Amino acid sequence: MAPSPTGFLHIGNVRTALFNWLFARHEGGEFKLRIENTDTSREVAEATEQIQESLRWLGLDWDGDVTFQLDRIDDCAAVARRLVEEGTAYEDDGAIRFRMPDEGVTAWDDAVRGRVEFPNQKLEDLVLVRSDGRPTYNFASPMEDVWDGITHVIRGEDHISNTPKQINIIRAVGAEVPLYAHVSHVLGADGKSLSKRHGSVTVDDFRHQGYYAPALVNFLALLGWSYDDKTTIMSRDELVERFALDRVVPSPATFDYQKLDWMNGVYLRRLSGDDYADALMRYLRETGHDWDEHLVRETVPIVQEKIERFGQYPDFAGFFFHDVHPDPALLDGREQIVEAARDELARVEPFDAEHIEAALRALAARLELSPRKAFEPIRIAVTGSKISPGLFESVELLGREETLRRLSAAVAVA
RNA sequence: GGCGCAUUCGUCUAGUGGCCUAGGACACCGCCCUCUCACGGCGGCGGCACGGGUUCGAAUCCCGUAUGCGCCUCCA
């Protein structure tokens, strides 16, 4: 994987990285990370570290040290000089240009697209080394592929037109041409390529919204690749075991956030309570919610099945950690129900979900209200919202004192 | 403009000449479950871009058209 350090890791690049990683792990090969920083003017200082942190979060581990394209500037220059001597390159205004063949075609068998051919006549002589001495991407990249012993280049389809140029360079230096696989782009809902030029959709964005890395990986793997006609949920190991380039489709895929949300929910619901709590705590800490860990862990059984992203937790369960101020209009003249509930809950014994439920259901029956009708104002007074985890369990967790306080407060305000 | 790549339900996809009156998943709609919201169960809506070929037979092969995207930089 060879990102340029111009910003956060983009989700489209991550999908490409994932295919590289899955392929390498499946084949027992190596997955290499190279930072393509020959364009120093566009480089962003933090980017290199952020890219690595994002890959670590996703669990895409690379082999060996990270390499930097700029480190081979001298090696590239030496090769360019040799090509000039050999006559396959020439000087032009201080730069060095590669002489592309004029006749015939340059072709390769792309692992996802089949045979691709370019008439050489259309290939322009390419600048290898700029007049300031720095190699260009189209020179440095194939040379590094050679030096790093890259056997498979899996990259985005925007590189298709670069490939014949790079193949000719590799041939000119007498090296072996790697196998190329050009995967399609990931599109946004607007149908445009999801690139840095259009909305920024970085790994960090997903992380902050509370997506679970294994779910994101599963989802991304299915963007352009499938195992069969019905399998969608696959663990990391299953993905590695099953991934194959020949099942990668060549057409672009649109990123569907709703499906990601669904899949994230599936993953979160499958977690054990402890694992869920661990991941949730990590998320809350990362996003600046300094909430009591013991209480957070106690809420897990009643929220795990209800939310599909950790990002929903603060809104959904925040009432456990801070007071609520429900809009009086929401109660809409139903404060007598809230008042009656307060009186009931004041004497429930023991104060647990089972007995709380029995008491509140009896209250609803006495008021000749359906449970649905009767519980709504109580829920609003206690949680501040019409939507919440189970009422009885929430009340138990909140405790008698705090519950009664909120019920009284709601009545007072109304 | 040139070159290249792509085109199956709204979305992700299965499909490699007959198994397809095109299968699955997400989304959507309806019903059931139900203290809200979710989960779960059941059912439904919905597609081979278009036009020509080839063939006994085409979503699958060929050609063309359309549309989208990419590249054409001393960016990567």
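Predicted, not measured: the structure shown is a model, and the values here were computed from it.
At the heavy-atom level, A:Val249 lies under 4.0 Å from the strands shown only through sugar-phosphate atoms. Within 4.0 Å of A:Glu376, counting heavy atoms only, lies no atom of the nucleic acid at all. When heavy atoms are screened at a 4.0 angstrom cut-off, A:Asp132 is found touching no nucleic acid atom at all. Within the nucleic acid shown, A:Lys386 comes within 4.0 Å of at least one base atom, counting heavy atoms only. If you check every strand for non-hydrogen atoms under 4.0 Å, A:His159 touches a base. As judged by a 4.0 angstrom heavy-atom cut-off over every strand, A:Gly156 is placed among residues making no nucleic acid contact. Among the protein residues, A:Asp92 comes within range of the nucleic acid bases, having at least one heavy atom under 4.0 Å from a base atom. Nucleic acid contact class of A:Arg34 (heavy atoms, under 4.0 Å, all strands): none. Heavy atoms of A:Leu223 sit under 4.0 angstrom from primed sugar atoms or phosphate atoms, though from no base atom. Across all strands, A:Ser131 comes closer than 4.0 Å to base atoms (heavy-atom distances). Backbone-only contact: A:Lys230 has heavy atoms under 4.0 Å from sugar-phosphate atoms and none from a base.
To the nearest whole angstrom, the two P atoms, one in B:C26 and one in B:C42, are 12 Å apart. Look at the P atom in both B:C69 and B:C61: the space between them is 25 Å, to the nearest Å. Rounded to the nearest Å, the gap between the C1' atom of B:U67 and that of B:G30 is 36 Å. Going from the P atom of B:C37 to that of B:G70 covers 43 Å, rounded to whole Å. Across B:G41 and B:G24, the matching P atoms stand 15 Å from one another, rounded to whole Å. Nucleotides B:A14 and B:G23 are separated by 15 Å at their P atoms, to the nearest Å. Atom name C1', nucleotides B:C72 and B:C20: the rounded distance is 42 Å, in whole Å. For the C1' atom pair drawn from B:U13 and B:A27, the interatomic distance equals 14 Å after rounding to whole Å.
The shortest distance between the side-chain N/O atoms of A:Arg130 and the OP1/OP2 oxygens of B:C75 is below 4.0 Å.
Nearest to the side-chain atoms of A:Trp262 among the listed nucleotides B:G4, B:A27, B:A38 stands B:A27. Taking only side-chain atoms of A:Arg113, from C-beta outward, the nucleotide of B:A6, B:C75, B:C69 with the closest atom is B:A6. Comparing atom distances between the A:Arg97 side chain and each of B:C74, B:A25, B:A76 picks out B:C74 as nearest. Comparing B:U36, B:C12, B:A76 against the side chain of A:Ser388 picks out B:U36 as the nearest. Distances were taken from every side-chain heavy atom of A:Asp93 (C-beta onward) to each of B:G70, B:C74, B:A25; the shortest belongs to B:C74. Taking the side chain of A:Glu393 as heavy atoms from C-beta on, and the options B:A25, B:C35, B:A6, the nearest nucleotide is B:C35. Side-chain proximity of A:Arg372 to the nucleotides B:C75, B:U36, B:C5 is greatest for B:U36.
For a distance-only test at 3.5 Å, the side chain of A:Arg379 qualifies as a donor-acceptor partner of the base of B:C35.
With contacts defined as side-chain heavy-atom distances shorter than 4.5 Å, the pair A:Met1/A:Leu9 qualifies.
Across all strands shown, the partner of B:C72 is B:G1, judged by Watson-Crick or G-U wobble contacts whose two distances both fall under 3.5 Å.
Using a 4.0 Å cut-off between charged side-chain N and carboxylate O, A:Arg406 and A:Asp323 make a salt bridge. Ion pairing of A:Arg372 with A:Glu376 is absent here, as no side-chain N (NZ or NE/NH1/NH2) approaches a carboxylate O to less than 4.0 Å. Remark: A:Glu144 does not engage A:Lys32 in a salt bridge, criterion side-chain N to carboxylate O under 4.0 Å.
Among the candidates A:Phe206, A:Tyr276, A:Phe316, the single residue satisfying the ring-ring contact (aromatic ring centres under 6.0 Å, His included) test with A:Phe310 is A:Tyr276.
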